[in-house]
Amino acid sequence: MNHKLIIISGPSGVGKGTIVKELLKRDGYALSVSCTTRARRPCEVDGESYFFISKEEFRKKIETGGFLEYSEHFDNYYGTPRDFVEEQLKSHDVILEIEVDGGLSAKQSHPEAILIMVVPPNTEELVSRLHHRGTESEEIIAKRLKRMDYELSKEKYYDYIITNDVLERAVDEIEQIIKTNKK
Ligand code: ADP
Ligand code: 5GP
């Protein structure tokens with residue numbers, strides 16, 4: 001069985017987390033739980049949403065080669081624990097929900113990975129989703145929007161671009177891409 005690394009990227013607020021949650025309901029994928037130094041949102045559970053660790057712990061893990069990829073953005077570190085992913089790939093397709101620098105770096109070490117970028121139907125909708133989510137301050141939302149153009153400028157390196165307008169359709173499309181790549 002060829003198990004795939006599936007990398008899902010896209011601007012903050014586009015709906016990556018929502019899509020991944022739906023995908024996990026539909027099939028037997030493993031989701032890589034990243035480490036981050038950012039503060040936990042009230043709805044998040046340590047060890048499920050992320051492993052929330054200090055900057056010092058994160059830097060130690062970088063030094064010992066513990067990350068398959070990592071990136072510093074939005075004033076924090078985010079990284080994919082290497083051991084978990086390598087182990088899960090023996091028996092599952094593994095989903096990484098990560099930003100573009102990390103996605104492209106993971107593709108270098110795992111060229112067989114499928115790179116999927118999720119884009120919004122338009123900028124107004126993205127802004128509206130970030131506000132409606134209600135998890136960040138105006139200042140943090142502004143930082144996230146500022147990075148949107150950078151994320152979208154990496155579109156050309158991604159294997160597939162999916163517009164998240166109607167959620168179910170976007171999830172169906174991604175599932176289809178994964179199935180096609182496994183044939
Ligand atoms: P990301 O993980 O990309 O930062 P989220 O999954 O947290 O984004 O989604 C941001 C907000 O947009 C959430 O409030 C979510 O419910 C909403 N959302 C996601 N997909 C859609 C969609 N297709 N249509 C409308 N709202 C959506
Ligand atoms: P958030 O703070 O909204 O949870 O995530 C911010 C950004 O970090 C998102 O684009 C998300 O995909 C990305 N991200 C989450 N985990 C990782 C990771 O392990 N590595 C990298 N490079 N980016 C990540």
Side-chain angles (χ1 to χ4, degrees), residues 5-25 31-53 58 61-62 66-85 88 94-110 113 115-137 139-155 158 162-174:
L5 194 59
I6 301 146
I7 299 172
I8 300 190
S9 304
S12 186
V14 75
K16 301 179 298 294
T18 310
I19 288 174
V20 167
K21 228 184 253 168
E22 287 303 313
L23 268 178
L24 291 173
K25 278 185 206 160
L31 174 66
S32 162
V33 179
S34 297
C35 295
T36 185
T37 58
R38 85 146 158 74
R40 187 177 65 79
R41 296 174 186 148
C43 56
E44 291 178 326
V45 178
D46 191 17
E48 285 182 20
S49 324
Y50 284 104
F51 293 103
F52 295 94
I53 63 177
F58 200 105
K61 207 168 160 75
I62 294 174
F67 291 114
L68 188 149
E69 63 70 40
Y70 72 93
S71 162
E72 193 176 5
H73 53 277
F74 303 143
D75 306 324
N76 280 291
Y77 288 116
Y78 294 77
T80 303
R82 183 188 298 283
D83 292 354
F84 175 84
V85 172
Q88 288 296 317
V94 182
I95 301 176
L96 306 189
E97 193 237 290
I98 61 179
E99 55 64 70
V100 287
D101 291 338
L104 294 174
S105 151
K107 177 83 175 179
Q108 282 192 341
S109 56
H110 292 73
L115 280 179
I116 301 174
M117 179 171 292
V118 181
V119 299
N122 52 61
T123 307
E124 293 71 31
E125 176 64 18
L126 182 73
V127 174
S128 152
R129 285 183 194 172
L130 269 175
H131 282 98
H132 273 110
R133 184 166 73 186
T135 49
E136 275 89 19
S137 66
E139 188 195 345
I140 292 182
I141 287 178
K143 277 189 185 164
R144 283 169 179 252
L145 285 172
K146 221 171 148 192
R147 195 177 157 92
M148 176 184 68
D149 289 340
Y150 178 69
E151 294 265 330
L152 295 178
S153 75
K154 302 291 176 181
E155 215 183 76
Y158 273 64
I162 299 295
T163 304
N164 180 20
D165 43 13
V166 178
L167 178 65
E168 199 175 293
R169 196 194 49 73
V171 177
D172 283 346
E173 276 186 34
I174 292 177

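As the structure lists them, so they are numbered: ligands from 1, and atoms in each ligand from 1.
- For atom 8 (O) of ligand 1, the closest heavy atom belonging to the protein is Gly15 N, 3.1 Å.
- Atoms of ligand 1 found under 4.0 Å from any heavy atom of Leu167 (numbered from 1 in listed order, with element): 23 (N).
- Close contacts between ligand 2 and Ser71 involve ligand atoms 22 (N) [criterion: under 4.0 Å to a heavy atom].
- At a 3.5 angstrom cut-off on N or O pairs, Tyr78 counts as close to ligand 2.
- Residue Arg133 has no nitrogen or oxygen atom sitting less than 3.5 Å from a nitrogen or oxygen atom of ligand 2, judged on distance alone.
- Atom CD1 of Ile7 sits about 9.5 Å away from atom CD1 of Ile116, to the nearest 0.5 Å.
- Closest to atom 16 (N) of ligand 2, if we only count protein heavy atoms, is Ser34 OG, 3.1 Å.
- Atoms of ligand 2 found under 4.0 Å from any heavy atom of Lys16 (numbered from 1 in listed order, with element): 10 (O), 12 (O).
- Looking at every heavy atom in both residues, Ser32 comes nearest to Thr80 through OG-CG2, 3.4 Å.
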Any chance you could lay out the salt bridge (Lys or Arg N to Asp or Glu O under 4.0 Å) test for Arg38 and Glu44, step after step, and finish with the verdict?
CA-CA 12 Å; Arg38 85 146 158 74; Glu44 291 178 326; 2.9 Å; yes
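- Near Gly79, meaning under 4.0 Å from one of its heavy atoms, ligand 2 places the atoms 18 (C), 19 (O), 20 (N).
- Set against the non-hydrogen atoms of Arg144, the atoms of ligand 2 under 4.0 Å away are 1 (P), 2 (O), 3 (O), 6 (C).
- Taking the six-membered ring where tryptophan is involved, the planes of Tyr77 and Tyr70 are perpendicular, since the angle between them exceeds 60° and thus also 30°.
- Using cut-offs of 30° and 60° on the angle between ring planes, the pair Phe67 and Phe58 is parallel.
- Nearest heavy atoms, Arg129 versus Val14: NH1-O, 2.9 Å.
- Less than 4.0 angstrom separates some heavy atom of Asp165 from each of these atoms of ligand 1: 22 (C), 23 (N), 24 (N).
- Closest to atom 8 (O) of ligand 2 by heavy atom, among Arg38, Glu136, Glu69, His73, is His73.
- In this model, no donor atom of one side chain and acceptor atom of the other lie less than 3.5 Å apart for Ser71 and Asp101.
- Looking at ligand 1, you'll find an N or O of Arg129 within less than 3.5 Å of one of its N or O atoms.
- Note that Arg144 lies in the cation-pi zone of Phe74, set by a 6.0 Å cut-off to the ring centre and a 45° limit from the axis.
- The pair Arg41-Glu136 meets the salt-bridge criterion, since a charged nitrogen lies less than 4.0 angstrom from a carboxylate oxygen.
- Taking atom 2 (O) of ligand 1 as the reference point, the nearest protein heavy-atom neighbour is Gly17 N, 2.9 Å.
- The shortest N or O to N or O distance between Val166 and ligand 1 is not under 3.5 Å.
- Using a 4.5 Å heavy-atom threshold, the side chains of Glu151 and Val119 count as separate.
- A heavy-atom separation below 4.0 Å is not found between Arg147 and ligand 2.
- At the shortest separation from atom 7 (O) of ligand 1 among protein heavy atoms lies Arg133 NH1, 2.8 Å.
- Between Ser12 and ligand 2, a contact under 3.5 Å exists for no N or O pair.
- Protein heavy atom closest to atom 15 (C) of ligand 1, with residue, atom name and distance, is Thr18 OG1, 3.6 Å.
- For atom 5 (O) of ligand 2, the nearest non-hydrogen atom from the set Phe51, Phe74, Tyr50 belongs to Tyr50.
- When only non-hydrogen protein atoms are considered, atom 23 (N) of ligand 2 lies nearest to Glu99 N, 3.2 Å.
- Thr135 and Arg133 are linked by a side-chain donor-acceptor pair at a separation below 3.5 angstrom, with hydrogens and angles left out of the test.
- Atom 11 (C) of ligand 2 has as its closest protein heavy atom Glu97 OE2, 3.8 Å.
- Test Lys16, Lys154, Arg147 against Glu99 for side-chain hydrogen bond (donor to acceptor under 3.5 Å, both in side chains) and you get one pass: Arg147.
- Ligand 2 places these atoms under 4.0 Å from at least one heavy atom of Thr80: 19 (O).
- For atom 20 (N) of ligand 1, the closest heavy atom belonging to the protein is Asn164 ND2, 3.1 Å.
- The heavy-atom pair separating Cys35 from Lys61 by the smallest distance is SG-CE, 4.1 Å.
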Please determine whether salt bridge (Lys or Arg N to Asp or Glu O under 4.0 Å) holds for the pair Glu69 and Arg82, giving the CA-CA distance in whole Å, both sets of side-chain angles, and the decisive distance to 0.1 Å.
CA-CA 8 Å; Glu69 63 70 40; Arg82 183 188 298 283; over 6 Å; no
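- Judged by the shortest distance from any of its heavy atoms, Gly13 lies inside the 4.0 Å radius around the atoms of ligand 1.
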